[in-house]
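To start, the structure itself, in C-alpha cells.
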2 protein chains.
Amino acid sequence: MGAVSIREVAALAGVSITTVSNVLNRPEIVSRKAVERVEAAIESLGYVPNIAARQLRAGRSSVIGMAVINITNPFFAEMALGAERAAEASGYAVFVGNSYDSAARESHYLDLFDRQRLDGVLLAPIGDDLSALERFAKRSVPVVLVDRVDPSGRHASVSVDDVLGGRLAASHLIEGGARRLMFVGGPTRIAQMRERLEGTRIEAERARLDLAVVDEGALSVRLGLKIGRDLAAMPRASRPDGIVGGNDEVALGIMHSLIQAGVDVPGEVSIVGYDDIDFASASTVALTSIRQPSHEIGLRAAQLLLAALAGEDLRDRSVRFDPELVVRQSSRPVG
Amino acid sequence: MGAVSIREVAALAGVSITTVSNVLNRPEIVSRKAVERVEAAIESLGYVPNIAARQLRAGRSSVIGMAVINITNPFFAEMALGAERAAEASGYAVFVGNSYDSAARESHYLDLFDRQRLDGVLLAPIGDDLSALERFAKRSVPVVLVDRVDPSGRHASVSVDDVLGGRLAASHLIEGGARRLMFVGGPTRIAQMRERLEGTRIEAERARLDLAVVDEGALSVRLGLKIGRDLAAMPRASRPDGIVGGNDEVALGIMHSLIQAGVDVPGEVSIVGYDDIDFASASTVALTSIRQPSHEIGLRAAQLLLAALAGEDLRDRSVRFDPELVVRQSSRPVG
DNA sequence: GGATCGTGTTGAAACGTTTTCATCGGAGCC
DNA sequence: GGCTCCGATGAAAACGTTTCAACACGATCC
C-alpha cells in the first residue's frame with residue numbers, strides 16, 4: 001500500500017539511501033543542502049522509518065519493557081509515568097504491561113519482552129520466583145526490579161522500605177492507644193505485603209500486643225467491605241482497635257463498613273492505609289496512610305536501567321526510599 | 001551474545017532453516033520426526049525467534065496498539081483488559097499506551113504505533129481532532145475508536161450513549177426533587193463530557209430548570225474537594241441541590257467536602273457520579289452513579305479490529321451500548 | 001515401465017534498514 | 001600544477017526471518 005521506504009525518499013531527493021539514513025541518524029555529517037532536500041522528500045512522501053528493519057540491523061529496539069503489578073493502582077501508574085519520563089529523555093520508549101495481580105499475565109509480558117528483543121526490563125514482580133529473568137541475563141539484557149529487592153542481590157532494584165512502613169503504621173496506632181492490632185494483607189507471595197506485615201509485627205511484639213492477620217487474596221475495596229462487616233459483627237471487647245491495611249483500597253472498604261454499622265472511627269477503631277492514594281484524603285473520614293515516592297521510584301529505576309544500557313555496571317547501585325506517615329482522621333491522635 | 005538464531009537451531013537439528021520456520025509457523029506440514037528434532041534443538045539452545053526479523057519479512061507485527069485516556073481510571077483499565085483478552089485469543093499482543101489526559105502523550109503514542117508498524121489501533125481519543133489517524137488510513141491500518149463515535153463516520157467505533165447517561169442522571173435528580181442543577185464536567189474537548197452535559201441539559205430544559213456548568217480541567221478528587229468547598233460556602237437557597245459529576249472521582253470529592261462542611265447529602269444536595277468505580281459504593285455515603293459495560297466495550301472493540309484485520313469491512317459495524325443508573329444513598333429517592 | 005502425483009524438504013530471494021569501506025571532488029599546501 | 005587531505009557521498013553487505021519455487025523420493029496409476 002502506501003508503504004513508502006527509504007529507497008523512494010532517496011530517489012525523490014536525488015541522493016543515495018545512505019545519505020537518507022545519515023540525515024535520520026547523524027545529520028551533522030551530511031551537508032546542509034542534502035539535509036534540506038531529504039527532509040523535504042520525507043515530508044512530501046509521509047515517510048516513517050520501519051522500526052523492524054532498523055532493529056533487525058542495529059540489534060537494538062530502543063524500547064524498554066515495564067511490567068507492573070496493577071496499573072489501576074495510582075501508585076504504580078505514577079511510577080510508570082516517572083519511568084516513561086526518564087526513558088523518553090534518552091530516546092527510549094516504554095512498553096508498559098499490566099500484570100493485574102496475575103503471575104500468568106506477568107510471565108506472558110516477560111515472554112513478549114523477550115520475543116520483541118526489548119533493550120531492558122523494569123519489573124515490579126508479583127511473586128518471589130525471579131527465575132523467569134534468567135533468559136534476560138543470558139542475552140545480557142539489563143533488568144531493574146522496582147518496588148522490590150532481589151534477595152540474591154543479582155538484580156539492581158529501586159524499592160521502598162516496607163518494613164519501615166509497617167512499623168510507622170503500627171507504632172502510630174500503638175501510640176494512639178490501640179491494644180488489639182490487626183493486619184490485612186494481600187497474598188503473601190507478594191513480598192511488599194510480607195514486609196509490611198513484618199514491620200507491623202515488630203512493633204506489636206515490642207509493645208507485647210497481639211496481632212491478628214488476615215490474608216484473603218487481592219486487596220480490593222470489595223474485600224475491605226466484607227472484612228469490615230465481619231469486624232462490625234464482633235463484640236467490641238474482642239474486636240481489633242487498630243488496623244493496618246495493606247493498601248488504601250482495602251482500608252477504605254473496611255472503614256466504610258464499620259462506619260455504616262455504627263462503629264466509631266477512630267473512636268473505637270483506628271485505621272491506617274498504605275499508598276496514600278487520592279481517595280484516602282477524600283473519604284468522609286480522611287484516611288491516615290503511608291506515602292511512598294512513587295514517581296521518584298519509577299524515575300530512578302529507569303535511570304538505573306539507562307545507565308546499564310550505557311554500559312555502566314549496576315552492582316551496588318540499588319536505591320531504597322523511606323516511606324512517610326501521613327496522619328489524618330481515621331486514627332486516634334497520639335496520647 | 002547468547003543471540004541464538006534460527007540458523008543454529010537448524011544446524012543442531014540437522015534440517016534446513018525453512019523446516020525450522022515451518023515447525024514454528026505451520027507444524028502440520030512437517031513430519032513428526034522433524035518436528036521433534038527441531039523442538040528438542042529449540043529447547044536445548046533456548047532459542048527465541050527474533051520478532052523484528054519476522055515482522056520485517058512478513059510485514060505484520062501481530063501487535064495492536066491501544067491508547068486510552070487514563071488507565072488509572074478503572075473504567076479504562078477494565079476496557080483495556082477486555083481488549084487484551086479478545087486480542088490474545090487471536091494471537092495478537094496489545095501495547096497499551098496511557099495518554100494520562102494529555103493530547104501530547106496521546107499523539108506521542110500514535111507516533112510510536114506508526115513507527116512500530118503495529119497492525120491495528122484502538123483509540124479512546126482525548127480531543128476531537130482525528131486527523132492524526134489519517135496516516136493509518138494511508139497504510140490501511142485499521143482503527144477502531146473506543147468510548148467515542150467518529151462524527152465523520154469514517155472510523156468504526158464502540159461507545160456508550162453518554163447523552164443517555166446524562167439524561168438518566170439528571171432525570172433521576174429531578175424526580176428526587178432537585179430544582180437547581182449543576183453539571184461538573186471535564187475539559188469540553190473531551191466528547192464524552194460534552195455529551196453527558198448535553199443529556200443533563202436536555203432534561204433540565206424539559207423540566208424548565210436552570211443548569212449551572214463547571215469546567216475546570218481534568219476531573220480529580222482534588223478538584224472535587226475544591227468545588228465542594230466553594231459550594232458549601234454558598235447560601236443554601238442559591239446552592240445547587242442536584243449535582244451531576246462527570247466522573248466518580250470528582251463527585252466523591254464534592255460530596256466529601258460538602259459533608260465535611262456540615263451540608264446534608266442527600267438531604268440538602270443530591271449527587272450522581274459517573275462510571276460506578278469501586279469507590280462509589282465504598283464511600284461512607286454510597287454514591288449513586290452511572291455504570292458502563294467497560295470490559296464488554298474493550299472486548300467488542302478488539303473483536304471489531306480483529307475482524308478488520310481478517311479482511312472484513314468495518315463500515316456500519318459500530319456498536320453502541322446503553323449505560324445504566326445505579327441508585328445509592330447520595331441522591332434523594334424518587335417522590 | 002514410464003508418467004503422474006503427493007509428501008517432505010530445501011535453496012535462495014526478499015523485507016528495509018544501518019554500517020563499513022571505497023570513491024569522488026575540491027580545498028589547501030608546497 | 002601536482003600533492004595530500006578532508007568532507008561528503010555511494011555501493012554493497014549484513015541483520016534473521018518468511019515464503020516461493022523447485023526438488024527428491026516413493027507410491028500410484030494406466
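Chain identifiers are assigned alphabetically (A, B, ...) following the order of the sequence lines, protein sequences preceding nucleic acid strands; residue numbering begins at 1 within each chain.
Remark: B/E78 pairs with A/Y100, B/L81, B/S294, B/H295 by the side chain to side chain contact (heavy atoms under 4.5 Å, CB included) rule, at least two apart or across chains. When the side chain to side chain contact (heavy atoms under 4.5 Å, CB included) test is applied to B/T18, the partners found at least two apart in sequence or on another chain are B/S16, B/N22. Applying the side chain to side chain contact (heavy atoms under 4.5 Å, CB included) criterion to B/S44, with sequence neighbours excluded, gives B/L12. By the salt bridge (Lys or Arg N to Asp or Glu O under 4.0 Å) test, B/D128 pairs with B/R148, B/R194, sequence neighbours left out. Under the salt bridge (Lys or Arg N to Asp or Glu O under 4.0 Å) criterion, B/R135 pairs with B/D111, B/D114, sequence neighbours left out. Scanning for side chain to side chain contact (heavy atoms under 4.5 Å, CB included) contacts around A/P293 gives A/V160, A/E296, A/I297, A/F321, with sequence neighbours left out.
Sorted by first and then second residue, the salt bridge (Lys or Arg N to Asp or Glu O under 4.0 Å) pairs involving residues 6-35 of chain B (not counting sequence neighbours) are B/R32-B/E36. The list of ring pair (Phe, Tyr, Trp, His ring centres under 6.0 Å) pairs with a residue in residues 111-144 of chain A, not counting sequence neighbours, reads A/F95-A/F113. The stretch residues 43-76 of chain B participates, sequence neighbours left out, in no ring pair (Phe, Tyr, Trp, His ring centres under 6.0 Å) pair at all.
Rounding to whole angstrom units, CZ of residue B/R60 and C1' of D/dT19 are separated by 13 Å.
Tested against B/P142 for a side-chain contact (heavy atoms from CB on, under 4.5 Å), the candidates B/L122, B/L309, B/L304 yield a single pass: B/L309.
Between its two ends, the helix from C/dG1-D/dC30 to C/dC30-D/dG1 turns its axis by 50°, counting five pairs per end and rounding to 10 degrees.
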Mark up nucleotides 22-28 of chain C, 5' to 3', with B wherever a protein heavy atom is under 4.0 angstrom from a base atom, S wherever such an atom reaches only the sugar-phosphate, and - elsewhere.
-------
Per-nucleotide protein contact along nucleotides 9-18 of chain C, 5' to 3', at a 4.0 Å heavy-atom cut-off (B base, S sugar-phosphate only, - neither), is SBBBBBBBBB
